[in-house]
Amino acid sequence: MRWWDLERVMELEEELFPEDAWSRGMFWSELAHARGRDATRHYVVAEEGTRLAGYAGLAVVDRTGDVQTIAAARDHWGTGLGARLLTDLLTAATAFECREVLLEVRVDNARAQRLYERFGFEPIGIRKGYYQPGNVDALVMRLADPATASAATANTGAIANGEPGASATTTASATTTASATTTASTAHTADPANPANPATSVQGTETHG
(Lines give C-alpha, C1' and ligand atoms only; values in the text may rest on other atoms or scores of the structure.)
Protein backbone atom coordinates (compact mmCIF):
# COMPACT_ATOMS: atom_id res chain seq x y z
CA MET A 1 0.00 0.00 0.00
CA ARG A 2 1.26 3.45 -0.94
CA TRP A 3 -0.14 6.96 -0.51
CA TRP A 4 -1.72 6.90 -3.97
CA ASP A 5 -3.84 3.90 -2.90
CA LEU A 6 -5.51 5.80 -0.07
CA GLU A 7 -8.42 7.22 -2.07
CA ARG A 8 -9.59 3.73 -3.01
CA VAL A 9 -8.71 2.34 0.41
CA MET A 10 -10.87 4.96 2.11
CA GLU A 11 -13.82 4.19 -0.16
CA LEU A 12 -13.69 0.50 0.77
CA GLU A 13 -12.94 1.29 4.42
CA GLU A 14 -16.01 3.48 4.80
CA GLU A 15 -18.20 0.96 2.99
CA LEU A 16 -17.13 -1.99 5.14
CA PHE A 17 -16.75 -0.21 8.49
CA PRO A 18 -19.29 2.65 8.52
CA GLU A 19 -19.38 2.91 12.34
CA ASP A 20 -15.65 2.88 13.10
CA ALA A 21 -13.76 3.43 9.87
CA TRP A 22 -10.17 4.57 10.13
CA SER A 23 -9.47 8.12 9.06
CA ARG A 24 -7.13 8.99 6.22
CA GLY A 25 -4.73 10.36 8.84
CA MET A 26 -4.60 7.00 10.61
CA PHE A 27 -3.60 5.28 7.39
CA TRP A 28 -1.00 7.98 6.70
CA SER A 29 0.43 7.41 10.19
CA GLU A 30 0.70 3.68 9.56
CA LEU A 31 2.29 4.08 6.13
CA ALA A 32 4.87 6.47 7.60
CA HIS A 33 6.29 3.44 9.45
CA ALA A 34 6.05 1.02 6.53
CA ARG A 35 9.22 1.85 4.62
CA GLY A 36 12.92 2.10 5.26
CA ARG A 37 15.40 0.21 7.40
CA ASP A 38 13.49 0.90 10.61
CA ALA A 39 10.05 -0.04 9.26
CA THR A 40 7.64 -1.56 11.79
CA ARG A 41 4.61 -1.86 9.51
CA HIS A 42 3.69 -3.90 6.45
CA TYR A 43 0.69 -2.87 4.34
CA VAL A 44 -0.52 -4.53 1.17
CA VAL A 45 -3.35 -3.99 -1.33
CA ALA A 46 -5.07 -6.52 -3.61
CA GLU A 47 -6.12 -5.21 -7.01
CA GLU A 48 -8.39 -6.62 -9.69
CA GLY A 49 -7.45 -4.63 -12.75
CA THR A 50 -7.70 -1.00 -11.67
CA ARG A 51 -10.13 -1.81 -8.86
CA LEU A 52 -9.09 -2.23 -5.24
CA ALA A 53 -10.30 -5.64 -4.06
CA GLY A 54 -8.84 -5.57 -0.54
CA TYR A 55 -6.02 -4.53 1.77
CA ALA A 56 -4.27 -5.66 4.93
CA GLY A 57 -1.74 -4.42 7.46
CA LEU A 58 0.61 -5.69 10.15
CA ALA A 59 2.36 -3.82 12.99
CA VAL A 60 5.43 -5.15 14.80
CA VAL A 61 6.61 -4.28 18.32
CA ASP A 62 9.40 -6.18 20.10
CA ARG A 63 9.16 -9.11 17.65
CA THR A 64 5.42 -9.45 18.23
CA GLY A 65 3.22 -8.96 15.19
CA ASP A 66 -0.31 -7.58 15.36
CA VAL A 67 -2.83 -7.88 12.57
CA GLN A 68 -3.96 -4.28 12.16
CA THR A 69 -6.47 -4.71 9.36
CA ILE A 70 -7.68 -7.14 6.73
CA ALA A 71 -10.45 -6.03 4.38
CA ALA A 72 -11.93 -7.46 1.20
CA ALA A 73 -14.68 -6.10 -1.03
CA ARG A 74 -18.00 -7.85 -0.43
CA ASP A 75 -18.01 -9.53 -3.83
CA HIS A 76 -14.69 -11.16 -2.89
CA TRP A 77 -16.00 -12.76 0.30
CA GLY A 78 -15.69 -16.52 -0.04
CA THR A 79 -13.14 -16.35 -2.86
CA GLY A 80 -10.02 -16.93 -0.79
CA LEU A 81 -8.74 -13.35 -0.91
CA GLY A 82 -8.82 -12.92 2.87
CA ALA A 83 -6.67 -15.98 3.42
CA ARG A 84 -4.19 -14.79 0.81
CA LEU A 85 -3.96 -11.41 2.52
CA LEU A 86 -3.42 -13.10 5.88
CA THR A 87 -0.74 -15.31 4.33
CA ASP A 88 1.02 -12.17 3.08
CA LEU A 89 0.96 -10.69 6.60
CA LEU A 90 2.39 -13.89 8.10
CA THR A 91 5.14 -13.91 5.48
CA ALA A 92 5.95 -10.33 6.49
CA ALA A 93 5.90 -11.32 10.18
CA THR A 94 8.46 -14.00 9.37
CA ALA A 95 10.65 -11.43 7.61
CA PHE A 96 10.37 -9.21 10.70
CA GLU A 97 11.50 -12.25 12.76
CA CYS A 98 8.31 -12.15 14.85
CA ARG A 99 8.08 -14.80 17.53
CA GLU A 100 4.28 -14.57 17.62
CA VAL A 101 1.35 -12.82 15.93
CA LEU A 102 -1.75 -11.57 17.78
CA LEU A 103 -5.19 -10.52 16.62
CA GLU A 104 -8.67 -9.92 17.97
CA VAL A 105 -11.95 -11.09 16.51
CA ARG A 106 -15.57 -10.60 17.51
CA VAL A 107 -16.79 -13.45 19.71
CA ASP A 108 -19.89 -13.77 17.51
CA ASN A 109 -17.88 -14.14 14.30
CA ALA A 110 -17.47 -17.90 14.07
CA ARG A 111 -16.53 -17.85 10.40
CA ALA A 112 -13.55 -15.60 11.01
CA GLN A 113 -12.45 -17.65 13.98
CA ARG A 114 -12.47 -20.81 11.85
CA LEU A 115 -10.26 -19.10 9.27
CA TYR A 116 -7.74 -18.05 11.91
CA GLU A 117 -7.79 -21.49 13.49
CA ARG A 118 -6.91 -23.01 10.12
CA PHE A 119 -3.84 -20.80 10.12
CA GLY A 120 -2.90 -22.05 13.60
CA PHE A 121 -4.19 -19.17 15.75
CA GLU A 122 -5.41 -20.20 19.22
CA PRO A 123 -7.68 -18.28 21.63
CA ILE A 124 -5.88 -16.82 24.65
CA GLY A 125 -8.39 -14.44 26.23
CA ILE A 126 -11.44 -12.17 26.02
CA ARG A 127 -11.66 -8.37 25.98
CA LYS A 128 -15.03 -7.31 27.31
CA GLY A 129 -17.01 -4.76 25.32
CA TYR A 130 -14.11 -4.17 22.94
CA TYR A 131 -16.22 -3.53 19.85
CA GLN A 132 -18.25 -0.35 20.17
CA PRO A 133 -20.89 0.94 19.86
CA GLY A 134 -22.32 -2.59 19.90
CA ASN A 135 -20.50 -3.52 23.12
CA VAL A 136 -19.38 -6.86 21.64
CA ASP A 137 -16.57 -8.81 23.29
CA ALA A 138 -13.33 -9.57 21.41
CA LEU A 139 -11.64 -12.94 21.36
CA VAL A 140 -7.86 -12.54 21.48
CA MET A 141 -6.02 -15.11 19.37
CA ARG A 142 -2.32 -15.93 19.10
CA LEU A 143 -0.15 -17.66 16.53
CA ALA A 144 3.05 -18.95 18.11
CA ASP A 145 5.07 -19.68 14.97
CA PRO A 146 4.22 -17.45 11.98
CA ALA A 147 7.10 -18.87 9.92
CA THR A 148 5.65 -22.38 10.04
CA ALA A 149 2.13 -21.14 9.37
CA SER A 150 3.09 -19.04 6.35
CA ALA A 151 5.03 -21.94 4.85
CA ALA A 152 2.15 -24.35 5.39
CA THR A 153 -0.44 -22.06 3.82
CA ALA A 154 1.85 -21.36 0.87
CA ASN A 155 2.15 -25.09 0.25
CA THR A 156 -1.63 -25.51 0.18
CA GLY A 157 -2.29 -22.38 -1.85
CA ALA A 158 -3.81 -20.81 1.27
CA ILE A 159 -7.29 -22.02 0.32
CA ALA A 160 -9.16 -21.49 3.57
CA ASN A 161 -12.64 -22.14 2.18
CA GLY A 162 -11.57 -25.15 0.19
CA GLU A 163 -12.03 -23.46 -3.15
CA PRO A 164 -10.00 -20.99 -5.20
CA GLY A 165 -11.53 -17.66 -6.10
CA ALA A 166 -11.17 -14.79 -8.50
CA SER A 167 -7.65 -13.74 -9.32
CA ALA A 168 -6.28 -10.62 -7.69
CA THR A 169 -2.79 -9.18 -7.43
CA THR A 170 -1.49 -8.34 -3.98
CA THR A 171 0.95 -5.44 -3.83
CA ALA A 172 2.94 -4.85 -0.66
CA SER A 173 3.83 -1.53 0.93
CA ALA A 174 7.42 -2.16 -0.06
CA THR A 175 8.27 -3.84 -3.38
CA THR A 176 7.08 -7.42 -3.01
CA THR A 177 4.08 -8.74 -4.94
CA ALA A 178 2.19 -12.00 -4.78
CA SER A 179 -0.69 -13.68 -6.54
CA ALA A 180 -3.87 -13.58 -4.46
CA THR A 181 -6.64 -16.14 -4.78
CA THR A 182 -7.96 -17.15 -1.35
CA THR A 183 -10.74 -16.86 1.17
CA ALA A 184 -12.64 -13.58 1.30
CA SER A 185 -12.17 -11.49 4.37
CA THR A 186 -12.94 -8.24 6.01
CA ALA A 187 -10.62 -7.62 8.89
CA HIS A 188 -9.77 -4.52 10.81
CA THR A 189 -8.06 -3.47 14.01
CA ALA A 190 -8.88 -0.47 16.04
CA ASP A 191 -5.89 1.41 17.37
CA PRO A 192 -2.89 1.92 15.08
CA ALA A 193 -1.35 4.18 17.71
CA ASN A 194 -1.20 1.15 20.01
CA PRO A 195 -0.31 -1.84 17.82
CA ALA A 196 0.12 -4.02 20.89
CA ASN A 197 -3.65 -3.73 21.32
CA PRO A 198 -4.99 -5.10 18.02
CA ALA A 199 -8.63 -5.65 17.17
CA THR A 200 -9.43 -8.12 14.47
CA SER A 201 -12.90 -9.15 13.40
CA VAL A 202 -13.82 -11.10 10.34
CA GLN A 203 -17.04 -10.97 8.37
CA GLY A 204 -16.93 -13.42 5.56
CA THR A 205 -13.68 -12.79 7.00
CA GLU A 206 -13.79 -9.36 8.70
CA THR A 207 -11.35 -7.66 11.05
CA HIS A 208 -11.79 -4.33 12.71
CA GLY A 209 -10.63 -2.66 15.84
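Quick note: residue numbers are just sequence positions, from 1.
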Mind checking side chain to side chain contact (heavy atoms under 4.5 Å, CB included) for Gln132 and listing every partner two or more places apart, or none if nothing turns up?
Asn135
Rounding to 0.5 Å, atoms OG1 (Thr69) and CG (Leu103) come to a distance of 12.0 Å
Sorted by chain and residue number, the salt bridge (Lys or Arg N to Asp or Glu O under 4.0 Å) partners of Glu11 (sequence neighbours excluded) come out as none
Provide the closest heavy-atom pair for Pro146 versus Cys98 in the form atom of the first, atom of the second, distance.
CG-O, 3.5 Å
So Leu139 and Ile126, side-chain contact (heavy atoms from CB on, under 4.5 Å) or not? Walk me through it.
CA-CA 5 Å; Leu139 175 67; Ile126 295 288; 3.7 Å; yes
Tell me the salt bridge (Lys or Arg N to Asp or Glu O under 4.0 Å) pairs involving residues 90-102, sequence neighbours left out?
Glu100-Arg142
Among all residues two or more places apart in sequence or in another chain, which pass the side chain to side chain contact (heavy atoms under 4.5 Å, CB included) test with Glu122?
none
Going from OH on Tyr43 to CZ on Arg35, what distance comes out if it is rounded to the nearest 0.5 angstrom?
15.0 Å
Heavy-atom nearest pair, Gly129 first then Asp137, reads N-OD1, 2.7 Å
Is any side-chain heavy atom of Arg74 closer than 4.5 Å to a side-chain heavy atom of Leu16?
yes
Could you pull out the closest heavy-atom pair between Ala39 and Phe96, with the gap in Å?
O-CE2, 3.2 Å
Can you list everything that forms a salt bridge (Lys or Arg N to Asp or Glu O under 4.0 Å) with Arg114? Sequence neighbours excluded, please.
none
Heavy atoms only: give me the nearest Ala73-Arg51 pair and the separation to one decimal.
CB-NH2, 3.3 Å
Which heavy atom of Ala72 sits nearest to which heavy atom of Leu12, and what is that distance?
C-CD2, 4.5 Å
Atom pair CD (Glu13) and CZ (Arg24), whose distance is rounded to the nearest 0.5 Å:
11.0 Å
Under the side chain to side chain contact (heavy atoms under 4.5 Å, CB included) test, residues paired with Trp3 that sit two or more places apart:
Trp28
Ala138: partners by side chain to side chain contact (heavy atoms under 4.5 Å, CB included), with sequence neighbours left out
Glu104, Arg127, Tyr130, Tyr131
CD1 of Ile124 to CE of Met141, rounded to nearest 0.5 Å, is 9.5 Å
Looking at CZ of Arg84 and NE2 of His76, how far apart are the two atoms once the value is rounded to the nearest 0.5 Å?
14.0 Å
First locate atom OG1 of Thr40, then atom CG of Asp38, and finally report the distance between them rounded to the nearest 0.5 Å.
9.0 Å
Under 4.5 Å between any side-chain heavy atoms of Val9 and Trp22, yes or no?
no
Mind running side-chain contact (heavy atoms from CB on, under 4.5 Å) on Leu143 and Phe119 for me, showing each step along the way?
CA-CA 8 Å; Leu143 177 65; Phe119 275 76; 5.5 Å; no
Hey, does the side chain of Ser29 reach the backbone of Gly25 with a donor-acceptor pair shorter than 3.5 angstrom?
no
Any side-chain heavy-atom pair of Met1 and Glu30 under 4.5 Å:
no
Flag side-chain contact, heavy atom, 4.5 Å: Leu115 against Phe121:
no
Residue pair Leu85 / Val44, side-chain heavy-atom distance below 4.5 Å
yes
For Arg8, is there an ion pair with Asp5 - N to carboxylate O distance below 4.0 angstrom?
yes
Less than 4.5 Å apart, any side-chain heavy atom of His42 and any of Leu89?
yes
